[in-house]
Amino acid sequence: MLIYVLNLFLIIAWMFFNKLCGKQEKIRYIISWGIAFQLLLVMVLKADFVGTDLPVYSKLYIQLKYIDWRVLPTIAWDLGYTLFSKFMAIFISNVHYFYCLIYCFLIIAFRKYIKENSDDIPLSFWLFITLGMWGQSFYVLRQYIAIGICLYALSALKKRKLLLYIFYIICAALFHKTALVLLILYPMNYIRLNRSRVIAISGGLFLLLLSNGIIFDVIVKILPNSLYLQKYSDYESGSGYTMLIIYILLLLWVMLINNKEVYEKYCLDIWMLFCGCAFQIMSINLALFNRVALYFFVNVIVLLPNLLKYEKNIYWRTCIKCLIYVISAILYLRILQISSIVPYQFIWNEG
């Protein structure tokens with residue numbers, strides 16, 4: 001666990017560096033790449049058994065080298081991942097180097113998204129770590145590859161590049177079908193928000209929370225033999241309620257700020273909060289939706305720092321920021337106590 005704690009202290013060091021040097025574009029560039037390299041170093045130096053699912057991924061990768069291309073569609077894995085793994089297995093025999101390639105892509109994707117969208121890069125990376133996303137990316141490979149591609153899709157959507165947005169979503173869905181859920185953001189991006197609409201939609205989410213059990217019973221009756229229901233209906237997620245509380249607190253904060261600029265500038269981000277909150281509510285009874293909510297939860301790491309600037313009182317802004325750092329750090333330590341990435345082992349200690 002020590003290396004993860006030291007990693008957090010280095011983020012704090014980057015925070016002070018950012019405070020001292022200002023927010024010039026050059027400084028933001030240095031900080032974003034500096035933290036990205038720091039996180040990537042921890043990922044590539046870890047042993048391949050650090051992370052729950054990695055032994056399964058390793059076994060598949062080794063097998064794919066000897067499987068005929070025509071057989072790939074019959075394998076019970078997402079076709080995009082099997083094709084990608086099969087192609088890389090031709091050139092890279094060592095599975096660790098394959099994982100390093102994936103980790104490079106993920107860190108570059110998150111670095112780009114944070115750099116383009118966050119007003120406070122160290123805090124965004126801090127939340128990326130402490131809210132559990134960085135640790136999950138060690139071993140939830142297929143979905144995080146899909147999430148990484150979706151980050152590019154979100155950038156395209158914000159620039160109103162529809163075809164590029166759809167292309168990225170389709171590519172992501174080849175690695176994890178749940179990525180298709182992000183297609184609902186396109187029409188939402190054109191629906192303007194204000195305080196009354198935010199309150200009304202939040203009220204609808206409250207009703208969803210109250211009636212969630214009834215909705216789940218209906219789903220079970222419609223799809224009684226669904227493989228997804230059999231797999232996830234009795235699976236409990238340790239982070240589900242934490243994510244739901246974060247969504248609710250952020251929505252309350254948006255309503256309390258009540259700033260027209262927030263509704264205009266962060267319209268898509270607020271819609272992502274609504275969607276994430278809705279799926280997180282449904283995940284209470286069906287944990288499959290917890291996986292779906294991840295595509296929207298990534299937005300929290302940039303929206304939360306961006307909302308801080310709308311607190312005009314410097315004293316209260318500093319207090320809120322310190323509170324975010326402390327609470328998220330405590331949450332991270334609790335996550336590490338039950339996480340499969342602990343204990344950390346270096347690659348040279350493997351075997």
Side-chain angles (χ1 to χ4, degrees), residues 1 3-4 39-110 132-150 171-179 226-239 287-288 290-292 294-295 335-336 338-351:
M1 187 183 290
I3 194 165
Y4 300 118
L39 299 185
L40 181 60
L41 193 63
V42 176
M43 297 172 84
V44 300
L45 291 180
K46 73 173 184 63
D48 293 340
F49 57 78
V50 177
T52 306
D53 299 339
L54 286 186
V56 179
Y57 280 103
S58 297
K59 183 179 179 180
L60 175 69
Y61 187 77
I62 294 170
Q63 292 173 343
L64 282 173
K65 187 175 182 179
Y66 306 100
I67 293 176
D68 190 272
W69 288 90
R70 292 169 293 183
V71 181
L72 294 184
T74 64
I75 298 176
W77 288 66
D78 293 279
L79 184 58
Y81 181 78
T82 54
L83 285 172
F84 172 65
S85 299
K86 170 68 174 176
F87 178 77
M88 295 310 303
I90 297 173
F91 304 99
I92 303 175
S93 58
N94 190 317
V95 69
H96 181 75
Y97 296 146
F98 174 66
Y99 291 151
C100 290
L101 183 67
I102 293 175
Y103 295 150
C104 284
F105 166 72
L106 294 179
I107 291 299
I108 289 172
F110 273 96
M133 283 176 275
W134 179 57
Q136 276 188 329
S137 70
F138 282 26
Y139 58 92
V140 188
L141 297 185
R142 286 182 298 126
Q143 183 164 16
Y144 267 86
I145 291 173
I147 290 173
I149 298 171
C150 285
C171 289
L174 290 174
F175 287 87
H176 211 280
K177 296 179 183 68
T178 53
S226 169
L227 292 176
Y228 280 115
L229 290 181
Q230 293 173 22
K231 182 177 180 181
Y232 291 103
S233 60
D234 60 350
Y235 171 81
E236 294 184 3
S237 169
S239 63
L288 168 65
N290 193 31
R291 286 291 190 98
V292 176
L294 274 176
Y295 295 98
I335 291 173
L336 288 178
I338 59 173
S339 176
S340 63
I341 65 172
V342 176
Y344 183 90
Q345 294 288 336
F346 287 103
I347 183 64
W348 49 80
N349 293 330
E350 193 168 13

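Atoms considered below: every heavy atom in the structure, side chains included; atoms not considered: hydrogens, waters and symmetry mates.
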When the ring planes of Tyr344 and Phe346 are compared, do they come out parallel, tilted or perpendicular, using 30° and 60° as the limits?
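Plane angle over 60°, so perpendicular.
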Under the ring-ring contact (aromatic ring centres under 6.0 Å, His included) rule, collect the residues that match up with [X], sequence neighbours excluded.
X	answer
Phe91	Phe87
Tyr295	none
Phe84	Phe98
Phe138	Trp134

Step by step, work out the side-chain contact (heavy atoms from CB on, under 4.5 Å) result for Ile149 and Phe105.
CA-CA 9 Å; Ile149 298 171; Phe105 166 72; 3.7 Å; yes
Show me the pairs that pass salt bridge (charged side-chain N to carboxylate O under 4.0 Å, His left out) and involve [range], at least two apart or across chains.
range	result
residues 88-97	none
residues 75-100	Asp78-Arg142, Asp78-Lys177
residues 49-66	none

When rounded to the nearest 0.5 angstrom, what distance separates [atom1] in [X] from [atom2] in [Y]?
X	Y	atom1	atom2	result
Ile147	Met133	CD1	CE	8.5 Å
Cys150	Leu294	SG	CG	11.0 Å
Ile90	Ser85	CD1	OG	11.5 Å
Ile107	Ile102	CD1	CD1	12.5 Å
Cys100	Ile347	SG	CD1	7.5 Å
Phe110	Leu39	CZ	CG	11.0 Å

Residue pair [X] / [Y], side-chain heavy-atom distance below 4.5 Å:
X	Y	value
His176	Tyr144	no
Tyr139	Val50	no
Leu336	Ile341	yes

In chain order, what residues pass the side-chain contact (heavy atoms from CB on, under 4.5 Å) check against Ile67, with sequence neighbours excluded?
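Partners of Ile67 by the side-chain contact (heavy atoms from CB on, under 4.5 Å) criterion, ordered by chain and then number, come out as Gln63, Leu64, Val71, Leu72, Ile75.
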State whether the side chain of Ser339 and the backbone N or O of Ile335 hold a donor-acceptor pair below 3.5 Å, judged by distance alone.
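No, because the side chain of Ser339 does not come within donor-acceptor range (under 3.5 Å) of the backbone of Ile335.
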Please check this pair: side chain of Tyr99 against backbone of Leu54, looking for a donor-acceptor N/O pair closer than 3.5 Å.
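It does hold such a pair.
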Ala179 to Ala173 - nearest heavy-atom pair and separation:
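Here Ala179 and Ala173 meet closest at CB-N, 3.8 Å.
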Of all heavy-atom pairs between Tyr57 and Leu141, which one has the smallest distance, and what is that distance?
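For Tyr57 and Leu141, the tightest heavy-atom pair comes out as OH-N, 3.7 Å.
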Using the test side chain to side chain donor-acceptor pair (under 3.5 Å), find all partners of [X] that sit at least two apart in sequence or belong to another chain.
X	value
Ser93	none
Tyr103	Lys46
Asn94	none

